[in-house]
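One structure below.
Only heavy atoms go into these numbers, but all of them, side chains included; no hydrogens, no water, no symmetry mates. Please read these numbers as outputs of a predicted model, since none were measured by experiment. In what follows, chains are A, B, ... by sequence order, proteins preceding strands, each numbered from 1.
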Amino acid sequence: MPALQPVRGTHDLLPEDSRRHRRVGDLARALAERYGFAEMSTPIFEFTDVFARGIGEATDIVSKEMYTFADRGGEHITLRPENTAGVVRAVISNGLQQHLPLKYFYQGPMFRYERPQKGRQRQFHQIGIELIGVAQPQADIEVIALGCDIIDGLGFGADVTLELNTLGDGESRQAYRAVLLDYLNGHRAKLSKDSLDRLERNPMRILDSKDEGDRRIVADAPVYSDHLNAASRDFFAHVTAGLDALGIAYAINPRLVRGLDYYCHTCFEFTTTTLGAQGTVMGGGRYDGLFAIMGGPDTAGVGWAAGIERLAMMLAETPAAARPIALVPIGEAAERRVLILAHQLRHAGFAVEHGYGGNVGKRMKRANKVNARAAVLIGDDELARGTATLRDLDTGAQVAAPLDTLAEALAQFR
RNA sequence: GCGGGUGUAGCUCAGGUGGUUAGAGCACUAGAUUGUGGAUCUAGGGGUCGCCGGUUCAAGCCCGGUCACUCGCCCCA
């Protein structure tokens, strides 16, 4: 490590970045609460098994992207690559199935050992929701509607499309898998190298291949919707009908297959073309089988996760920082007075900055630099009269205000 | 993990085919202005040219490696 650099794929969030992230997180939380989702958080590391089992050994995340290490006690620990498995673990650990349905919102860092690109980092941040314990399609609709509100609320409605598909239930999936494997095996010789690999791990993935040759083969492949059983078809029909009723636009994408093992029935992605190759901005679906896989009682679940960095990148502008009041003391006596005054004004709810030394000019410059809304000048003259000189830094207008009621005079600059 | 591109000051970038002390704009600091910011002017600070090695009398420039970023693949948020 030659120079002092951050670890590959990690980034500092300086105040401007932080404000963008907060814009996303705050809006998402506020809307989630409106839908009845309460914020909670789980540890950023868990026993490796939580993810290995929950996400699926064969997935890319588990097979090559986890930050795993042995701690000093020899336990196998993994930095969370996503949060659904952790939330499910928390529900089971705390015996929360007695309180179904559960509705959670979370926000925080995730870790994946991948090659960084724009919109892809090794430490990144997600917001997400989980609706646990509702097997009916109402839950899917509600979860998607909330996602949609957040995307719209951030101002991305025009740049983002909702892609929707169903993975059916276990029975349907097994039936289709068999038919599909049969077909693909017949074209083995012409499949790309990547797809031969997928044939073993997740054949439905091949449907979404970008390889030309694969696409030709896929074009004539059996279609999943022909192999869905009645229950699965019915479930999906309810979901789409619900979205229609709410006026939520979506595009059915039969090729949409999510990578994680635990998904069933509804799956969806909110995608954009404005971010380059990393176009998925929010993704999720139903995971009714996950609780059983994790060793808990059968419990339904639906949710999504969204990448804060990706959403923050799409933000048209950086939210402005709060504008403080700048206190400018002139002389020793004023300096002492201002120390106290700053404290009082802060307690009264004002954001207050006082320069740290320097003459009036320098302090005014500093006030300007922190984008102060107003300056309060106090020197010997003012102290003698019991006033402060109050300057509006936007207009330059200046008035005298009594020191003991300064908070009232400053109220207009809040 | 695979393939392509890039890497000069805090930021954005100049530096024809290798040739003395590496430049600009913005930003920063100080002064003009010791009780008044944003504008202007003046001066100043700041670079082991990502890092290591090689070729050469001589490397910011050529070669190799390495690190980071970036574009695409894989996959995902």
Is [X] touching bases, backbone alone, or none of the nucleic acid, heavy atoms closer than 4.0 Å?
{"X": "Gly128(A)", "answer": "nothing"}
{"X": "Arg310(A)", "answer": "base"}
{"X": "Arg115(A)", "answer": "base"}
{"X": "Gln123(A)", "answer": "nothing"}
{"X": "Gly396(A)", "answer": "base"}
{"X": "Asp394(A)", "answer": "base"}
{"X": "Glu82(A)", "answer": "nothing"}
{"X": "Gly379(A)", "answer": "base"}
{"X": "Met282(A)", "answer": "sugar-phosphate"}
{"X": "Glu269(A)", "answer": "nothing"}
{"X": "Gly9(A)", "answer": "sugar-phosphate"}
{"X": "Ala367(A)", "answer": "nothing"}
{"X": "Arg112(A)", "answer": "base"}

Between Arg8(A) and C69(B), does any side-chain N or O lie under 4.0 Å from OP1 or OP2?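 For Arg8(A), the contact criterion (side-chain N or O under 4.0 Å from OP1 or OP2 of C69(B)) is met.
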Below 4.0 Å: OP1/OP2 of U33(B) and any side-chain N or O of Lys365(A):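 Lys365(A) to U33(B) OP1/OP2: no side-chain N or O under 4.0 Å.
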Taking the side chain of [X] as heavy atoms from C-beta outward, which of [options] is closest to it?
{"X": "Leu377(A)", "options": "C74(B), C69(B), U36(B)", "value": "U36(B)"}
{"X": "Val360(A)", "options": "A77(B), G35(B), G37(B)", "value": "G35(B)"}
{"X": "Gln117(A)", "options": "G31(B), C74(B), G35(B)", "value": "C74(B)"}
{"X": "Arg205(A)", "options": "C69(B), G37(B), C76(B)", "value": "C76(B)"}
{"X": "Gln278(A)", "options": "A77(B), U70(B), C75(B)", "value": "C75(B)"}
{"X": "Gln5(A)", "options": "A77(B), U70(B), C67(B)", "value": "C67(B)"}
{"X": "Glu114(A)", "options": "C74(B), A77(B), U36(B)", "value": "A77(B)"}
{"X": "Tyr113(A)", "options": "C74(B), G1(B), A77(B)", "value": "G1(B)"}

Is the shortest distance from a Lys or Arg side-chain nitrogen in [X] or [Y] to a carboxylate oxygen in the other one below 4.0 Å?
{"X": "Glu46(A)", "Y": "Arg53(A)", "result": "no"}
{"X": "Arg20(A)", "Y": "Asp17(A)", "result": "no"}
{"X": "Asp394(A)", "Y": "Arg323(A)", "result": "yes"}

Per the atom types in the model, does the base of G37(B) pair as donor or acceptor with the side chain of Arg391(A) at under 3.5 Å?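 Side chain to base: pair found, below 3.5 Å.
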Could you check whether any side-chain heavy atom of Val143(A) comes within less than 4.5 Å of a side-chain heavy atom of Thr266(A), counting everything from C-beta outward?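 Result no, sub-4.5 Å side-chain heavy-atom pair not found.
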Whole-Å distance between G37(B) C1' and Met364(A) CE?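 It works out to 4 Å between those atoms.
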Send over the distance from Tyr263(A) OH to A77(B) C1', rounded to a whole Å.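 Interatomic distance, OH of Tyr263(A) to C1' of A77(B): 10 Å.
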Donor-acceptor check, side chain of Tyr106(A) to backbone of Thr84(A), threshold 3.5 angstrom: yes or no?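 No; zero donor-acceptor contacts below 3.5 Å.
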